[in-house]
Amino acid sequence: MRYWLMKSEPDEFSIQQLAQRGREPWNGVRNYQARNFIRDDMQYGDGVLFYHSNCAMPGIVGLAEIVSEAMPDPTQFDPASDYFDPGSTPDSPRWLLREVGFKRALQRTIALDELKRHAEALGDFALLRRGNRLSILPVSAAQWRYILDLEHSVGAAR
DNA sequence: GCCAACGTTGGC
DNA sequence: GCCAACGTTGGC
C-alpha cells in the first residue's frame, strides 16, 4: 500500500464535491511523470491526501483512496474537452486515470504554510520541493502518519 | 494580477 | 540534440 497527494483547485473540483459524489474519475492529468504514477505505481486501495491548490488557503483538506485500476482518460479523445489530445488514439492512449473514492474531510485544513513549518520532520517531501508543480506526488508512510497526527495538534499556533 | 519555476514545442 | 520561446502551475 502506498500513499499519494493529489492536487485539485477547489473552484474546479473540491473535497466537498468528492464527498457528495462518493467517487470520481481523476481526469485531466497531462504530465508524464504523474501519468507514470497512475499507470505504474498506484494500486487499488492506496491512500490519498486531497489537496486544494490555487486558492486562499492551499493545503490538505481530506482523505481519499484509489478505487480503480488505471484506464484511459476519455477526455483525451473528446474534441470539445479542454483536455483533448489530438495526438492520442484509442489504440494507444497517452493519458490514463484512476477513480478516487471519498474517505473523509479533515477536521481542519492542514495548510501548506503549516507543512512548511514541519519541513524538517517531514524529510524530503515532494510537495515542499522548490518549484514543484506535480499534481500527483508520492507520500511516504512516515509522512502520511506525521500529517495525520498534525490534524489533531494545534498546528496553526506554531 | 504578478511572477518564478518548470515542461513542452519547434526551428535549426 | 540544443535551446529559445512559449504556456502552465500555483503561491503569494
Side-chain angles (χ1 to χ4, degrees), chain A residues 2-19 21 24-42 46-64 66 70-100 102-103 105-140 143-144 146-148 150-151 153-158:
Chain A
R2 298 196 192 195
Y3 303 94
W4 306 94
L5 182 144
M6 298 175 77
K7 296 178 186 173
S8 185
E9 303 190 15
D11 287 349
E12 297 293 323
F13 188 75
S14 68
I15 189 69
Q16 290 80 13
Q17 283 169 283
L18 184 63
R21 298 190 200 182
E24 182 74 5
W26 203 265
N27 60 31
V29 173
R30 295 293 181 271
N31 169 284
Y32 286 103
Q33 199 178 341
R35 188 279 311 269
N36 293 346
F37 286 145
I38 291 172
R39 184 187 61 192
D40 305 328
D41 302 314
M42 280 182 170
D46 280 358
V48 173
L49 300 172
F50 195 108
Y51 180 94
H52 279 174
S53 67
N54 237 323
C55 54
M57 181 158 56
I60 298 162
V61 293
L63 302 184
I66 300 301
M71 60 186 89
D73 178 348
T75 63
Q76 72 197 302
F77 308 124
D78 177 6
S81 170
D82 288 342
Y83 302 125
F84 178 59
D85 182 352
S88 184
T89 66
D91 285 345
S92 162
R94 183 176 290 168
W95 306 112
L96 304 174
L97 62 74
R98 290 192 188 240
E99 292 191 310
V100 171
F102 179 74
K103 294 281 279 187
L106 293 192
Q107 294 180 18
R108 64 183 187 88
T109 297
I110 301 176
L112 176 61
D113 181 61
E114 179 177 354
L115 291 167
K116 286 178 176 172
R117 280 183 268 124
H118 292 271
E120 197 170 339
L122 285 166
D124 185 23
F125 189 17
L127 182 72
L128 301 181
R129 277 183 214 146
R130 201 172 78 109
N132 147 68
R133 299 186 335 184
L134 264 183
S135 62
I136 297 176
L137 45 91
V139 176
S140 73
Q143 288 161 348
W144 174 273
Y146 189 90
I147 288 166
L148 289 189
L150 278 182
E151 182 185 9
S153 75
V154 195
R158 267 196 293 274

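All values below come from the heavy atoms of this structure, side chains included, with hydrogens, waters and symmetry mates left out. The sequence lines fix the lettering, A, B, ..., with proteins before strands; numbering per chain opens at 1.
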Check: Rounded to the Å, how far apart are A:Leu134 CG and B:dA5 C1'?
Finding: 13 Å
Next item on the list: Could you tell me whether A:Leu127 contacts a base, only the sugar-phosphate backbone, or nothing, with contacts defined as non-hydrogen atoms closer than 4.0 Å?
Entry: nothing
Check: Would you say C:dT9 has OP1 or OP2 under 4.0 Å from some side-chain N or O of A:Lys7?
Finding: no
Margin query: Looking at A:Met71, I want to see if its CE is surrounded by more than 12 non-hydrogen atoms of other residues, nucleotides or ligands under 6.0 Å.
Written below: yes
Checklist line | Gap between atoms CD and P, on A:Glu9 and C:dG11 respectively (whole Å) | finding: 9 Å
Note to self: B:dG7, OP1 or OP2 - any side-chain N/O from A:Arg133 closer than 4.0 Å?
What the structure shows: no
Next item on the list: Consider the side chain of A:Arg130, meaning its heavy atoms from C-beta on, and name the nucleotide among B:dA5, B:dG7, C:dC12 that approaches it most closely.
Entry: B:dA5
Check: Which residues in residues 50-64 of chain A have at least one heavy atom lying under 4.0 Å from any atom of DNA chain C?
Finding: A:Tyr51, A:Ser53, A:Asn54, A:Pro58
Notebook entry, point to check: Are A:Trp26 and A:Tyr83 close enough that their ring centers fall under 6.0 Å?
Noted result: no
Notebook entry, point to check: Pick one: which of A:Leu127, A:Ile147, A:Leu150 meets side chain to side chain contact (heavy atoms under 4.5 Å, CB included) with A:Leu122?
Noted result: A:Ile147
Next item on the list: Whole angstrom is fine here: how far is it from CG in A:Asp11 over to P in C:dG11?
Entry: 13 Å
Margin query: Can you measure A:Leu137 atom CG to C:dG10 atom C1' for me and round it to whole angstrom units?
Written below: 13 Å
Next item on the list: Return the value, rounded to whole Å, for the distance between atom CG of A:Leu115 and atom P of C:dG11.
Entry: 11 Å
Check: Aromatic ring centroids of A:Tyr32 and A:Trp95 under 6.0 Å?
Finding: yes
Next item on the list: Classify the side-chain pair A:Thr89/A:Asp91 by whether it contains a donor and acceptor separated by less than 3.5 Å.
Entry: no
Next item on the list: Check the surroundings of atom CG in A:Asp82: do more than 12 heavy atoms from other residues, nucleotides or ligands lie under 6.0 Å from it?
Entry: no
